[in-house]
Amino acid sequence: MSQNNDPPGDPWGGNNKSPPDLDRLLTKNFDNLKKLLPGGSTTSFFIIIVLILSGFSVWTAIYTVPSDSVAVVQRFGKYVHDVPPGLHLKFPLGIDAATIVPVKRQLKQEFGFSTPGATDPYQTSRTYDHSRETQMVTGDLNAALVEWVVQYRISNPVKFLFEVREPSETLRYVSESVMREVVGDRTVDEVITVGRQDIESEALTKMQELSTKYAMGLSIDQVQLKNINPPKPVQESFNEVNQAQQEKEKLINEARRDYNKVIPLALGEKDQRIREADGYRLKRINEAEGDAARFNALYAEYIKAPEVTKRRIYIETMQEVLPKVRSKIIIDEQTSNVLPLLNLDGKTGGKQ
């Protein structure tokens, strides 16, 4: 009879039971697994293992590239090649890794505001950075709140993935730096009113230059300014000044409209009067020259036949004068009274 007073199962007891035999335990478990396998043989077990590995390999070897993207394939972490859109195969089990890059999709980054539902973590700034991004100092030492959007595409997927650690985040820093530089070169009036297009063009050029210099693999398509406002403490005063400037521009435009309406009309009337005077001058000169030529021709004919010319001139003159006379009375010189006369104004033309 044992003299061990230790409680059964105590691991610190001197006469504790020995640990179970590992080989016997594995053999027992393997026999139980064989009973569950179809046919109860080890061959079936290995076939199932092979099928599972084959299925997993096929599953990891097939991948699809969307139509707006390309896949960058890496083999053991080293870049191999790019793959166009479609269904493709690669080495399974982690030998090849395919990274999908949307090269045909236009991406954007928003500064100073955020669009709800954005899936790109770099599209909008962090919540506490919204106000900081928009606060800028202009060239005349005034403050302005500038909101803008940068639209870009991934032009080189290899550089985008491997040259810069976080290209999208780097683009945010580049965009903010460039916008502060461009705004700082202009007055607050230019930034808010007339200089928006110049700011967008210059910012686009400088962002693209820095993107190329840093080899980020990005192509900047557009830089668009959104809301530009003065700081809230002076916003009311600035609005009043801006309203006064707009009123001044309105009055200037109205004056220019009246000027453009009256002055061209006066110039047109002046040109018309000048042309009428020139026409009248030419008419009088031509009439005078014609009368002089006619008189010279009549005089030449008069020298040749004075009596005939006199009679012809008399007849032509009477033909011109008589139609203008209303009452015409022809009296015979041989009569001794005025009764026998010819009334040419009568309707019948008879004698009275």
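The first residue of the sequence shown is numbered 1, and numbering continues consecutively from there.
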Can you confirm whether [X] sits close enough to [Y] that some side-chain heavy atom of one is under 4.5 Å from a side-chain heavy atom of the other?
{"X": "Val188", "Y": "Pro230", "result": "no"}
{"X": "Met216", "Y": "Glu163", "result": "no"}
{"X": "Tyr152", "Y": "Ser211", "result": "no"}
{"X": "Val72", "Y": "Asp82", "result": "yes"}
{"X": "Gln74", "Y": "Phe162", "result": "yes"}
{"X": "Ile154", "Y": "Pro102", "result": "yes"}
{"X": "Thr138", "Y": "Arg186", "result": "no"}
{"X": "Asn227", "Y": "Phe113", "result": "no"}

Note to self: For Val223 and Met179: C-alpha separation, side-chain torsions, deciding distance, then whether side chain to side chain contact (heavy atoms under 4.5 Å, CB included) applies.
What the structure shows: CA-CA 10 Å; Val223 177; Met179 188 58 66; 3.9 Å; yes
Next item on the list: Might you work through the salt bridge (Lys or Arg N to Asp or Glu O under 4.0 Å) test for Lys213 and Glu209, ending with a clear yes or no?
Entry: CA-CA 6 Å; Lys213 179 180 179 181; Glu209 291 176 355; over 6 Å; no
More than 12 foreign heavy atoms under 6.0 Å from [atom1] of [X]: is that the case here?
{"X": "Lys90", "atom1": "NZ", "result": "yes"}
{"X": "Gln197", "atom1": "CD", "result": "no"}
{"X": "Gln243", "atom1": "CD", "result": "no"}
{"X": "Glu287", "atom1": "CD", "result": "yes"}
{"X": "Tyr299", "atom1": "OH", "result": "no"}

Connected via hydrophobic side-chain network under 4.5 Å: [X] and [Y]:
{"X": "Val150", "Y": "Val164", "answer": "yes"}
{"X": "Tyr173", "Y": "Val182", "answer": "no"}
{"X": "Tyr214", "Y": "Leu218", "answer": "yes"}
{"X": "Ile228", "Y": "Val194", "answer": "no"}
{"X": "Val158", "Y": "Leu107", "answer": "yes"}

Gap separating the [atom1] atom of [X] from the [atom2] atom of [Y], nearest 0.5 angstrom:
{"X": "Leu89", "Y": "Thr60", "atom1": "CG", "atom2": "OG1", "answer": "10.5 Å"}
{"X": "Glu202", "Y": "Leu204", "atom1": "CD", "atom2": "CG", "answer": "11.0 Å"}
{"X": "Gln222", "Y": "Ser201", "atom1": "CD", "atom2": "OG", "answer": "10.0 Å"}
{"X": "Asn286", "Y": "Arg281", "atom1": "CG", "atom2": "CZ", "answer": "9.5 Å"}
{"X": "Phe160", "Y": "Arg153", "atom1": "CZ", "atom2": "CZ", "answer": "13.0 Å"}
{"X": "Leu298", "Y": "Glu316", "atom1": "CG", "atom2": "CD", "answer": "7.5 Å"}

Next item on the list: Scan side-chain atoms only and decide if Thr187 and Asp189 contain a donor-acceptor pair under the 3.5 Å cut-off.
Entry: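 The criterion, which ignores hydrogens and geometry beyond distance, is not satisfied for Asp189 and Thr187.
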How close do [X] and [Y] get, heavy atom to heavy atom, and via which atoms?
{"X": "Glu147", "Y": "Thr134", "answer": "CG-CG2, 3.8 Å"}
{"X": "Val101", "Y": "Pro157", "answer": "CG1-CB, 3.9 Å"}
{"X": "Ala71", "Y": "Ala98", "answer": "CB-CB, 4.4 Å"}
{"X": "Thr115", "Y": "Gln123", "answer": "CB-NE2, 4.2 Å"}
{"X": "Pro84", "Y": "Val65", "answer": "O-CB, 3.7 Å"}
{"X": "Ile199", "Y": "Leu225", "answer": "CG2-CD1, 3.9 Å"}

Do any N or O atoms from the side chain of [X] and from the backbone of [Y] form a donor-acceptor pair under 3.5 angstrom?
{"X": "Thr309", "Y": "Glu301", "value": "yes"}
{"X": "Asp96", "Y": "Phe91", "value": "yes"}
{"X": "Gln135", "Y": "Ala143", "value": "no"}
{"X": "Gln208", "Y": "Ile220", "value": "yes"}

Ionic contact status for [Y] with [X], cut-off 4.0 Å:
{"X": "Arg172", "Y": "Glu166", "result": "no"}
{"X": "Glu307", "Y": "Arg311", "result": "no"}
{"X": "Arg257", "Y": "Glu254", "result": "no"}
{"X": "Arg273", "Y": "Glu269", "result": "no"}

Note to self: Ring-plane angle category for His88 and Tyr63, please: parallel below 30°, perpendicular beyond 60°, tilted otherwise.
What the structure shows: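 If you compare the ring of His88 with that of Tyr63, the planes turn out tilted.
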Check: Do you know which of Glu176, Met207, Gln109 makes side chain to side chain contact (heavy atoms under 4.5 Å, CB included) with Leu171?
Finding: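 The side chain to side chain contact (heavy atoms under 4.5 Å, CB included) with Leu171 is passed solely by Gln109 among Glu176, Met207, Gln109.
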Next item on the list: Test side chain to side chain contact (heavy atoms under 4.5 Å, CB included) on Arg284 and Tyr280 and set out the steps.
Entry: CA-CA 6 Å; Arg284 296 295 295 171; Tyr280 181 76; 3.6 Å; yes
Margin query: Before you tell me yes or no, could you show the steps for Leu210 and Lys206 under side chain to side chain contact (heavy atoms under 4.5 Å, CB included), namely the whole-Å CA-CA distance, both residues' side-chain angles and the distance that decides it to 0.1 Å?
Written below: CA-CA 6 Å; Leu210 290 177; Lys206 291 186 176 182; 5.6 Å; no
Check: With sequence neighbours left out, what residues match Glu320 under side chain to side chain contact (heavy atoms under 4.5 Å, CB included)?
Finding: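 If we apply the side chain to side chain contact (heavy atoms under 4.5 Å, CB included) test to Glu320, skipping adjacent residues, there are no hits.
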Next item on the list: Apply side chain to side chain contact (heavy atoms under 4.5 Å, CB included) to the pair Val149 and Phe111, showing each step before the final yes or no.
Entry: CA-CA 6 Å; Val149 175; Phe111 297 83; over 6 Å; no
Note to self: Could you list the cluster mates of Leu267? Members are the ILVMFWY residues connected by side-chain heavy atoms closer than 4.5 Å, either directly or through other members.
What the structure shows: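 Tyr259, Ile263, listed by chain and number.
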